[in-house]
Amino acid sequence: MRRWRLTLFGVLLLLFIGGGIVWFRWNQAPPGEEASFWKESWTVQPSLEGVNNAYRAKITVNPEEKVIQGDLTAWILNDTGKEQDHVYFHIYPNLFRPENSLRGSVWEEVLGKDPKPGWMKVEGVWVQGKKVDFIVKDTLLEIPLDWKKGEKTAVMIRFSFGLPQNNGRLSYDDHAMWLGNWLPIKAVYDEEGWNLDPYYPIGDPFYSDIANYEVEVRLPQGFQVASTGVEVGTPKIEQGNMEIHHYRADKVRDFAMVVMDKEYTYKEGKAGDVRVLTWHKREDSAEVAERLHQVAISSLTAYSQKYGGYPYPEYDVVATGGFFGGMEYPGLIFAEGSYFRRNDPYGVLVVAHETAHQWWYGLVGNDEVEHPWMDESLTEYATLNYLLEHEKSWAPSYLRLKESAIEKAKVYESRGERISASVNQFTSWDSYGVMIYEVGPLMFYEWEQKVGKEEMEKMLKDYFSRYRYKNATPEDFLQVVKDHFGDRGVRFMKDWLEGKEH
């Protein structure tokens, strides 16, 4: 009897110990070879010098299946000024799941008439190595945690997704996969609290903080990658025909990437000390590709002189698909591939515009959902100035085209769709385009005509200096205007923003 009781106790003890080991491993890190990555990610803190967030990711790309698998660790600082019991991440690829109907004329403008859905799965979340429950709601990931003021913590997310195919920022064709707004990214907390906006169909519905990124990309040999940041070292070759690349990007607002096959080639040049790469398909016009490459170099140089130096070592222009003409990311832009096949001034406009975004969005950020004029209208004003200086044969007609939109703008303004409107207040891409891309830049241009180009550039250089690597508000911008031009300048801007002038 006693012996039987000891044996049962021993069995129970072994089960308890074994179960404890399983529980510990499951709650501390995923099993298998990835465990060392996770342990290092949350025990070895990356540098947060100059930033409050740092991301370390390990990504596997399957170009054939169009599937991405990833482990992401986000080291985040609680700079909210209060204790938090939840943190939120945007998971934008979840928008494209099959059950999410993205129909109607506004979505068709973004995705096309016959988009193919994708899918996304959040497979696990850990906080400081401990597995936690989580909630996924559309494009938001809600994670519980005990987060004290001023405390750093590590949030680890295991995810996978299949790319959708459409005309948007996250898609693919026969030769490339372009990945925009794809990595989980912590939501911004500002004076209004957590910014948890959905993925609106109009405008750029994004708002992000500056962060440091370290990204390891594993993919089959024979593919090329253009990304935010720079590649560190040389690719490591693995058994099974796989390559491992390492990328690093410091003080950037997001991390984008394009995976291309050998049908792509690139042109290389310099803008000062910045390496400029323009990626395009071999079948594209070499003459047109060279033209756009030179625009990238020229505009990067011009904006650096006007507003403040471009701080990153590399800048990539990549021909992709998409409805958007061009799409901006830190150190990397997408440019619609058709512009590399024909001599079209709009291709020059696209490259110059997206390059200007490196300053107005990339380095000086803002809430693009609430105040799209702060990045898009200012960027288009900078583009217009560049074109008037460097494309004198057709830029004046481009200016006149904007001026001709004023009468149409008055109709939209009467409906409340003003320059100052948020993206969710616009009812169509046309009203958004007229107010933000046509009339918004005229606000800056008309003020320049009053004060002179030199004074306008001096003001914008000051604005850039004050808010580089930060998020600015309309009040911040108007304060800089006031410091340079007094109340007269502020009244002028406010009247245009509210549709009371022009």
Side-chain angles (χ1 to χ4, degrees), residues 24-61 68-79 84 86-94 120-136 140-148 150-161 179 181-189 208-219 227-229 231-232 244-257 330:
F24 177 82
R25 287 180 176 173
W26 180 245
N27 282 273
Q28 294 300 317
E33 63 181 15
E34 299 90 348
S36 61
F37 166 78
W38 286 84
K39 183 178 181 181
E40 180 184 352
S41 291
W42 72 269
T43 57
V44 180
Q45 299 183 21
S47 170
L48 291 182
E49 183 178 356
V51 298
N52 291 342
N53 306 301
Y55 298 91
R56 181 179 288 141
K58 184 176 183 178
I59 307 297
T60 300
V61 180
I68 309 291
Q69 295 177 306
D71 293 336
L72 175 77
T73 300
W75 269 99
I76 53 178
L77 175 71
N78 185 351
D79 58 353
Q84 298 288 340
H86 288 83
V87 68
Y88 299 88
F89 282 73
H90 296 286
I91 47 172
Y92 293 117
N94 203 39
M120 184 171 191
K121 182 179 180 182
V122 178
E123 299 170 358
V125 176
W126 292 257
V127 175
Q128 288 294 112
K130 181 178 180 181
K131 196 170 192 297
V132 298
D133 293 328
F134 58 89
I135 297 173
V136 171
L140 277 178
L141 172 62
E142 179 182 324
I143 302 169
L145 78 175
D146 181 15
W147 202 20
K148 295 179 173 55
E151 182 181 59
K152 288 186 290 186
T153 193
V155 175
M156 292 155 282
I157 303 168
R158 170 160 286 182
F159 66 95
S160 59
F161 67 88
L179 308 177
N181 306 103
W182 62 290
L183 272 176
I185 188 170
K186 186 179 75 69
V188 174
Y189 188 99
S208 56
D209 287 316
I210 288 288
N212 292 339
Y213 285 84
E214 298 174 27
V215 181
E216 176 184 300
V217 180
R218 186 174 184 266
L219 76 170
S227 78
T228 297
E231 184 163 10
V232 180
I244 300 177
H245 301 255
H246 290 85
Y247 300 93
R248 183 181 179 92
D250 291 336
K251 292 187 176 180
V252 295
R253 204 164 295 281
D254 204 344
F255 186 93
M257 188 169 72

Could you tell me whether a side-chain N or O of N78 sits under 3.5 Å from a main-chain N or O of K148, the two making a donor and an acceptor?
-> yes
Distance col, row L141:CG vs M120:CE, nearest 0.5 angstrom, shows 8.0 Å
P144 and E142: which non-hydrogen atoms are nearest, and at how many Å?
-> CD-O, 4.1 Å
What is the minimum heavy-atom distance between A249 and G229, and which atoms define it?
-> CB-CA, 3.6 Å
Got a second to check how far F255's CZ is from R248's CZ, nearest 0.5 Å?
-> 12.0 Å
Sidechain N-carboxylate O distance under 4.0 Å for R158, D71 | yes
Does L77 reach the side chain of E151, with side-chain heavy atoms less than 4.5 Å apart?
-> no
Would you mind reporting whether M257 and W182 have side-chain heavy atoms less than 4.5 Å apart?
-> yes
Is there a side-chain contact between V252 and Y213, using heavy atoms and a 4.5 Å cut-off?
-> yes
R253 backbone acceptor or donor facing S208 side chain under 3.5 Å | yes
With side chain to side chain contact (heavy atoms under 4.5 Å, CB included) as the test, would you mind laying out the steps for Y88 and Y189 before giving the verdict?
-> CA-CA 9 Å; Y88 299 88; Y189 188 99; over 6 Å; no
Taking atom CD of Q84 and atom CG of L145, what is their separation to the nearest 0.5 Å?
-> 8.0 Å
Audit row: V217, L219, side chain to side chain contact (heavy atoms under 4.5 Å, CB included) steps and yes/no = CA-CA 6 Å; V217 180; L219 76 170; 4.1 Å; yes
Which heavy-atom pair separates A57 from L72 by the least distance, and what is that distance?
-> CB-CD1, 3.7 Å
Please report the shortest heavy-atom distance between P184 and F89, naming the atom on each side.
-> C-CD2, 4.1 Å
Using modelled atom types only, decide if a donor and an acceptor are shared between the side chain of T228 and the backbone of P330 within a distance under 3.5 Å.
-> yes
If every non-hydrogen atom of S160 is compared with every non-hydrogen atom of E123, which pair is closest and at what distance?
-> OG-OE2, 2.7 Å
Distance in Å, I157 CD1 paired with L183 CG, rounded so as to fall on 0.5 Å steps = 9.5 Å
Mind checking whether I76 and N52 have side chains closer than 4.5 Å, heavy atoms only?
-> no
If you measure from CD1 on I210 to NZ on K251, what distance do you get to the nearest 0.5 Å?
-> 8.5 Å
With respect to Y55, which candidate in T73, V155, D254, I185 satisfies the side chain to side chain contact (heavy atoms under 4.5 Å, CB included) definition?
-> I185
From W75 atom CH2 to N212 atom CG, the distance as rounded to the nearest 0.5 Å = 14.0 Å
For I244 and H246, run side chain to side chain contact (heavy atoms under 4.5 Å, CB included): C-alpha distance rounded to whole Å, both residues' side-chain angles, the deciding distance at 0.1 Å, then the answer.
-> CA-CA 7 Å; I244 300 177; H246 290 85; 3.7 Å; yes
Side chain to side chain contact (heavy atoms under 4.5 Å, CB included) assessment of W126 paired with V132 = CA-CA 6 Å; W126 292 257; V132 298; over 6 Å; no
Of all the heavy-atom pairs spanning K58 and E216, show the shortest one and how long it is.
-> CE-OE2, 3.4 Å
Find out whether I59 and I68 are in side-chain contact, i.e. whether some heavy atom of one side chain is under 4.5 Å from a heavy atom of the other.
-> yes
